[in-house]
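Report on the following structure.
Because only heavy atoms are used, hydrogens play no part in the values below, and waters and symmetry mates are left out as well, while side chains stay in. Residue numbers begin at 1 in each chain, while the letters A, B, ... track the order of the sequences.
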2 protein chains.
Amino acid sequence: METRRIDPVNCSVARALSVVGERWSLLIVREALDGARRFGEFHSRLGIARNLLATRLETLVTAGVMRRVPYQEPGDRQRFAYELTEQGRALRPTLVALLEWGDTYLADPQGPSVIVRHRPVDDAGSCDEPVKVVLECAAGHSHLAPEDVCRTPGPGARFLEIS
Amino acid sequence: METRRIDPVNCSVARALSVVGERWSLLIVREALDGARRFGEFHSRLGIARNLLATRLETLVTAGVMRRVPYQEPGDRQRFAYELTEQGRALRPTLVALLEWGDTYLADPQGPSVIVRHRPVDDAGSCDEPVKVVLECAAGHSHLAPEDVCRTPGPGARFLEIS
DNA sequence: CCTCTGGGTTTACAAGCTGAACTCAGCCCT
DNA sequence: AGGGCTGAGTTCAGCTTGTAAACCCAGAGG
């Protein structure tokens, strides 16, 4: 019997992980989503080694996840800060999904330490309810269970022939 | 001015990444979701070094993400397979979120290689439409943008005092 | 001129990853 | 019984990545 399978190497999950799958990368993005902007903020919040932080920030900047912007505090010289691009902010659902998984299966006995809430930045119409990540199909079926979905080849699929 | 901040180390994202944040771990889970069960399947699909695969599978088993089950093919001796637990299957939304992000920002020029579709395992009532991950709050507001949510302290939060 | 601070860079060492070779148990064939 | 094959690992040498601590540099302030 001959069958074929989607090439697992030519896959957006693998490509995504090649950018944000290195140690610390997602935690840096998380802190940035939470408002960290300066080298020292990332360093002291995460406890990451300084040289590694420098190379991670550089990697994230060249990947387009973050942007290096000059800023100047009054009575101080010009420095650089790091902020998320649109592409970086788009990692929020990934981080919420990871948070939810960690809360469900590895929680602190006290309960979750962080709850993500529906509170827009401008705070108008803030409803403050906890946020969850749900799977939803284009036909509008929502809250799909992990078993209700499967992977199918897309237009860019490469195949492996298996005997 | 004195303020306080959620301790970034006592966080479910960090705990989740300590289990599935190592190189290859999420790709192993992805292949398992796609049906891989045996050592050799993971090895040949991913091209991961055999010793590393062995330690990763062991880590995932002790973390409760996978389970080592004996099986026996007719006319062969007993061997062991690895299958996802409930906890492991719960990583599907995380992987879909990563896939979506990779598709959006790092796509192959041909388009995505994999599309996740709404197709239950039993195939009854299969609608086959593409699946997306969306943020939704408990009040029913759906399709929240990354800017519409924020992190707030939960019951297990530890705080850092900042001067 | 000296010191302080934020933002890095250098360096030495430890830990983690890779590929190839080796092992081991049981089935199959002769 | 002996030899080969296969799947599932284990061992090992060499390279790459991560860590911690020391060092450096450019302004601001005294």
N/O-N/O pairs, protein side and nucleotides 3-5 of chain D side, under 3.5 Å:
none

Over how many whole Å does the gap from B:R68 atom CZ to D:dG7 atom P extend? 17 Å
Listed pairs, N/O of protein and of nucleotides 26-30 of chain C, under 3.5 Å:
unit_1: C:dC27; atom_1: O3'; unit_2: B:G75; atom_2: O; d: 3.2

Between A:H43 and A:F39, how do the two ring planes meet: parallel, tilted or perpendicular, split at 30° and 60°? parallel
May I ask you to list the residues of residues 42-57 of chain B, by number, that have any heavy atom positioned under 4.0 Å from an atom of DNA chain D? B:R50, B:N51, B:A54
The criterion is side-chain contact (heavy atoms from CB on, under 4.5 Å); which residues satisfy it with B:D7, sequence neighbours excluded? B:V9, B:N10, B:R158, B:L160
Apply side chain to side chain donor-acceptor pair (under 3.5 Å) to residues A:E136 and B:H143 and explain how you reach the verdict. CA-CA 10 Å; A:E136 176 180 302; B:H143 300 87; 3.0 Å; yes
The helix from C:dC1-D:dG30 to C:dT30-D:dA1: angle between its terminal axes, five pairs each, to 10°? 10°
Could you give the distance from CG (B:L60) to OH (B:Y82), rounded to the nearest 0.5 Å? 10.5 Å
How long is the gap from CG on B:L99 to CD1 on B:I115, to the nearest 0.5 Å? 9.0 Å
Mind checking salt bridge (charged side-chain N to carboxylate O under 4.0 Å, His left out) for B:E147 and listing every partner two or more places apart, or none if nothing turns up? A:R89
Please confirm whether the shortest side-chain N or O distance from B:Y82 to OP1 or OP2 of D:dG9 is below 4.0 Å. yes
For DNA chain C, what residues of residues 15-39 of chain A have any heavy atom nearer than 4.0 Å? A:R38, A:F39
Sorted by first residue and then second, give each salt bridge (charged side-chain N to carboxylate O under 4.0 Å, His left out) pair with at least one member in residues 18-36 of chain A; sequence neighbours left out. A:E22-A:R56, A:E31-A:R45, A:D34-A:R45, A:D34-B:R151
For A:E83, the side-chain contact (heavy atoms from CB on, under 4.5 Å) test, sequence neighbours excluded, returns A:R37, A:R67, A:V69
Roughly how far, to the nearest 0.5 Å, is the CD1 atom of B:I48 from the OG atom of B:S25? 8.0 Å
Nearest-0.5 Å distance, CZ of residue B:R92 to CG of residue A:L144: 10.5 Å
Just jot down the salt bridge (charged side-chain N to carboxylate O under 4.0 Å, His left out) partners of A:R50, sequence neighbours excluded, or say none. none
Separation of A:Y71 atom OH from C:dG6 atom P, in whole Å? 9 Å
For the atom pair CG (B:L57) and CZ (B:F42), what is the distance rounded to the nearest 0.5 Å? 6.0 Å
Among residues at least two apart in sequence or on other chains, which ones pass side-chain contact (heavy atoms from CB on, under 4.5 Å) with B:A139? A:C127, A:E129, B:C137, B:H141
Residues forming a side-chain contact (heavy atoms from CB on, under 4.5 Å) with B:Q72, sequence neighbours excluded: B:Q78
Any donor-acceptor pair under 3.5 Å linking the side chain of B:S12 with the backbone of B:R15? no
